[in-house]
Amino acid sequence: MARERKEKPGPLEYNRRWPLQAIVGATLFFLYFPLIILMVFSFNDSRRNIVWQGFTLDYYEKAFNNSSLIEAFANSLTIAFFCTIISVVLGALTAVMLWRFRFPGKTAVEGAMALPIVVPEICMGVAMLVFFARVMPWPTGMPWPLNLGAIIIAHVSFAFPFVATVVRARLASFNRELEEAAKDLGASEWRTFWDVLVPHMQPGLIAGALLAFTLSLDDFVITFFTAGPDTITFPVKVYSMLRFSVTPEVNAASTILIVVTVVLTAVGLRMQDQQDQKAKAK
Amino acid sequence: MARERKEKPGPLEYNRRWPLQAIVGATLFFLYFPLIILMVFSFNDSRRNIVWQGFTLDYYEKAFNNSSLIEAFANSLTIAFFCTIISVVLGALTAVMLWRFRFPGKTAVEGAMALPIVVPEICMGVAMLVFFARVMPWPTGMPWPLNLGAIIIAHVSFAFPFVATVVRARLASFNRELEEAAKDLGASEWRTFWDVLVPHMQPGLIAGALLAFTLSLDDFVITFFTAGPDTITFPVKVYSMLRFSVTPEVNAASTILIVVTVVLTAVGLRMQDQQDQKAKAK
Amino acid sequence: MTEAAIAARPTPHVKDNAIIRFENITKRYGKVVAVDNVNLEIREGEFFALLGPSGCGKTTLLRMLAGFETPTEGRVFIDGKDIAELPPNKRPVNMVFQSYAVFPHMKVADNVAYGLKMDGVEAGESRRRVEEALELVKLGGYGDRMPDQLSGGQRQRVALARALVKRPRVLLLDEPLSALDAKLRDQMRSELTSLQEKVGITFIMVTHDQDEALAIATRCAVMNRGLLAQVATPADLYEFPSSRFVADFVGSVNMFEGVLADDKHDEATVRCPEIAAPIYLDHGVTGAQGSTVWVALRPEKIEMHKRPEGAAPMKMEDAPAGTNVVPGIIRDIVYLGSETIFEVELEGGRRVKTFRSNLTRYDQEDFTWDEPVWLAWHACSPAVLLS
Amino acid sequence: MTEAAIAARPTPHVKDNAIIRFENITKRYGKVVAVDNVNLEIREGEFFALLGPSGCGKTTLLRMLAGFETPTEGRVFIDGKDIAELPPNKRPVNMVFQSYAVFPHMKVADNVAYGLKMDGVEAGESRRRVEEALELVKLGGYGDRMPDQLSGGQRQRVALARALVKRPRVLLLDEPLSALDAKLRDQMRSELTSLQEKVGITFIMVTHDQDEALAIATRCAVMNRGLLAQVATPADLYEFPSSRFVADFVGSVNMFEGVLADDKHDEATVRCPEIAAPIYLDHGVTGAQGSTVWVALRPEKIEMHKRPEGAAPMKMEDAPAGTNVVPGIIRDIVYLGSETIFEVELEGGRRVKTFRSNLTRYDQEDFTWDEPVWLAWHACSPAVLLS
């Protein structure tokens, strides 16, 4: 009916507002320009020149042959993998607990949960540095991947609150009658949890996992402060390459990281959208 | 009625689940321990010792007397201020445009909007570095605050998409009949915008502004790559102090930054909550 | 065919001039035709209802009056003037929206004063008129409240006051009662009619609820798939529907398909396969003999009598003159307190619905499940439909 | 006082034993008393309705049967066994939830089979019973659909099948029709009754809608503020309410406060300040003379006759024996198609509501606004209430 249609005025209406269009268009272009340049110049056949010299994949080849870059990438993936698993478990438990139970100090816990999201990362970094340098030094010289333990713990500490927030939001839409229905039909508490609550949380768990993964993969500051000299991650490696000079190799490495992150996020959003549409169809 | 009450099982029910309580409690403690240590030791009357030596405010006094730290803080506040204003205007315009109009390439713009939220900050940093170092070098030696221009632009580029996202979400709950009612009562397009749409967006604008402010205030990576040698911000200053050694002065500075951020965020959340409750009461 | 059973609401304020005229109005959205060549006149002072199922185009028509939709073809006149070029904020009509659309950040008084402020009405005058409008909708003294302190019914009154304070030529109401609960709906129904009588402004209401339209409106237009199905007074709509769609949409009905067997000026006969005996009518049908027609019979117009099992089958010829009588068996009884709905199965298996008011508390004729009964109706009761 | 005007639904499957017994049940939440010392027996095979406004404690009572609430005081018996200690998953009852609570991530067949899987029913047997249950609710062949492919009504059938497949002793229904639209609601109403007759299981339904309770239930309990107000068949509830609350909540009513002037075994008189003449009743009232009573008169039980303006005022004595007659003036007419609601103002200003079925299409007695009329009702029509 008419109600639906009026939500979408034709393109004509928009065209009448070209000043708005111009401002926003220019802004978008200006703000994204640096990122575009970064990516474009990873394909530029010149070491120092900002003028386009021709297309090349040389710098990607170089990046792939740089064994310390590859090692850093492997470290990053390993850290992100463990961080994701731990964050999802802890985050989901926390979310269920906050959603389900009343207990003394609940508000305080909810506030504390949000802290790592809010605290400046430089401060988190300093805190981790102080902690692992003085209070509880992580044993050095341990075999891979145990040497990554400190970084994983540091990453979990800022990633799991995001998971908890996402899962908590998902739980808000849970119909408690579903749980009662399962019990009414003969299910125990435990079966109800697995048969009803976990399937409902699933999109939140997936979104949270992807979030934790990309947060861990992309983190520079906290890793930089926590990591010992022998454990380099991808962003830290990119940084250290920069200290010498900005080479197209850095551009290539950055582009790879951007692509990985964007793809992961796009997949996550797509999955959430599908779930939302299913939920709407109901 | 009963429906409402069953949402809140008594504390008893929770106590039965003490293993869950223990796990989550331990986790929270363990993860927040570093932050607590950081803050506690800013009051410890000892330069190097991790054992408590007595309460002192000496390091806060020192921090306040450190003129370069104060200058960095002033820079940070100035940058955050301008970044907030520009981000709110651009973000709100973008949000209204995306919400209101259909136009060719809308999906692409919406995707592009999300990019700065997603792109790893190290990559954003590299991109800014390349951009301002090679493509469009920011003139040096300009009077304050013009010398901060490059940093402000860089900050706006990652802050305004957050504002746009928050405002866009707020707009989703707008009842378009309000707009029609205003027109029906004789208001022009422009009056309708100011009398009806802007008041509705207000909580989103405030939340977005606070978000942009804290994001700008806390940013380290992008600032680090964009800033010239003569423009130091607070997080960068903390970092440079760390390079010499971890002194309680650093702890004090970090604590100040944490407190400022947390207070700003808490105020923002409180304001949004009040608006939400008002909306619910309707 | 248009003599109503019930006196129409006395409407001294309805004038003869057409305040609204739709002329060959068509509205297309791409290939979808929302409104299809509608011609309609609404007279000054009427309380007019646009009635129909969702998606029938009634809201589109209303929104064309307000200026939120423009017709693809045709013209709309208010007071004889073509208003095609006028934007919504320049039209002499005001609207009460389905969600009421009360501005949530303004006090009640500021809401009501908004339209006057836009017109540049001077402050003292505005205050006086706002006061007056709030009194009119029984919200005197509520001016300083915020909308979130009001109930749904009160917010609707604010929307009414806000529209009426501008003294529009026509007031448009989009599903005015749909957001209220049942008890409040009944109350607002009668308040709306008395409000309209008091202010004497033409009201045009969109609704999907036939009870609402019948109870409130002086005249209704029933729409279906963009077309006007019938325009008539409530009683004519109910008793003399022009098509199967109208008969079915407005009220409950038993519909029988049949063939026109005999058609004279003052009597006619229809043979329906689902009813053993032919249906006798006391009026002519102006249809071709042998053509397919539909007989629409309202449940409250069917009488039910006991039919002793052993007794000799009553013949149609024995029935009182002008009455149709068919045998059946009660299959379902739905007791609703003030009335009871019976579902009676005819000999061919067709089920017929009939209502009975429960007029006394005891000693009522005692019908029960699976009881044989006679169904009887007067020859004037069925409406014969040609489409 | 309990002779119904309408035959009760034939219920051969209702047995004499009490399948459910509430014994002195009280439920408190802090200081709030949700259920207040309720004693109630429900017989095997009944379709029982718990009826009342929201917050009256009806849902709490139902949830106690399911095991989701525990009584603060008192005991609940199913089949004579105290079930206080049984958790929800061990009770021989199943529930159809208000939201239906169909598991969204399971196919229809898996939803229905869920309860059987929990009971460890073997796969082949389970498949057979699921098939059977889906046939029963007319969803045969829908087993492979996902719930989001179903309409609201179909999802309700899934919830019914899922509960019935477990062959519970009692089926609990929480506002089963409230989420459906009006047309579907009427249909599901009759399907629910025939389903219950077919399976012969005791159904207990919670509802706030009196039409629903009257139409479906064999017996109803009306609740108010945690207390049982009345337990009776639908017809007894409507015609012989035990209190003003019941009379007002179930159906529409004209209520007059008065004083019991005269009370014999087979007649009584009540003087009401709002009605000029005393109200004559053809039965005794068992109340103290001079005590305050309330006379409840259903609108459909009031007749309306023309009162020629010039004619000599009819005296009460002239009225036919056993009839009460009062003069009034029609103030409002609400036409609803099958019936019309008249609001008649009595001499003292009190307005009385009366319904009239529109039995013929034309030649109907033609009442209009502001017309003087006689209102008449039989001496057996009013119910006299002591509280």
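From a predicted model like this one, the values you see are computed outputs, not experimental measurements. We name chains A, B, ... by the order of the sequence lines, and we start the count at 1 in each one.
For A:F225, the part lying under 4.5 angstrom from a heavy atom of chain B is the side chain only. Both the backbone and the side chain of B:V262 come within less than 4.5 Å of a heavy atom of chain A. Heavy-atom distances place the side chain of B:F160, and not its backbone, under 4.5 Å from chain A. Proximity to chain B (any heavy atom under 4.5 Å) is restricted, for A:L129, to the side chain, taken from C-beta onward. Interface residue A:V238: only side-chain heavy atoms are found under 4.5 Å from chain B.
Per-residue heavy-atom pair counts under 4.5 Å with chain A were compared for B:I36, B:V259, B:L257, and the maximum is reached by B:L257.
Partners of B:T265 under the side-chain hydrogen bond (donor to acceptor under 3.5 Å, both in side chains) rule, at least two apart in sequence or in another chain, do not exist in this structure.
Here SG of A:C123 is found 8.0 Å from CG of B:L35. Values are rounded to the nearest 0.5 Å. Note that the CZ atom of A:F234 and the CD1 atom of B:I122 stand 10.5 Å from one another [nearest 0.5 Å]. Between the CD1 atom in B:I258 and the CE atom in A:M124 there is a gap of 9.0 Å [rounded to 0.5 Å].
For residues 214-223 of chain A, heavy-atom neighbours of chain B at less than 4.5 Å comprise A:D218, A:F220, A:V221, sorted by residue number.
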Exercise. Please assess B:V119 against A:T261 for the test side chain to side chain contact (heavy atoms under 4.5 Å, CB included), listing each intermediate value before the final yes or no.
Key: CA-CA 7 Å; B:V119 166; A:T261 311; over 6 Å; no
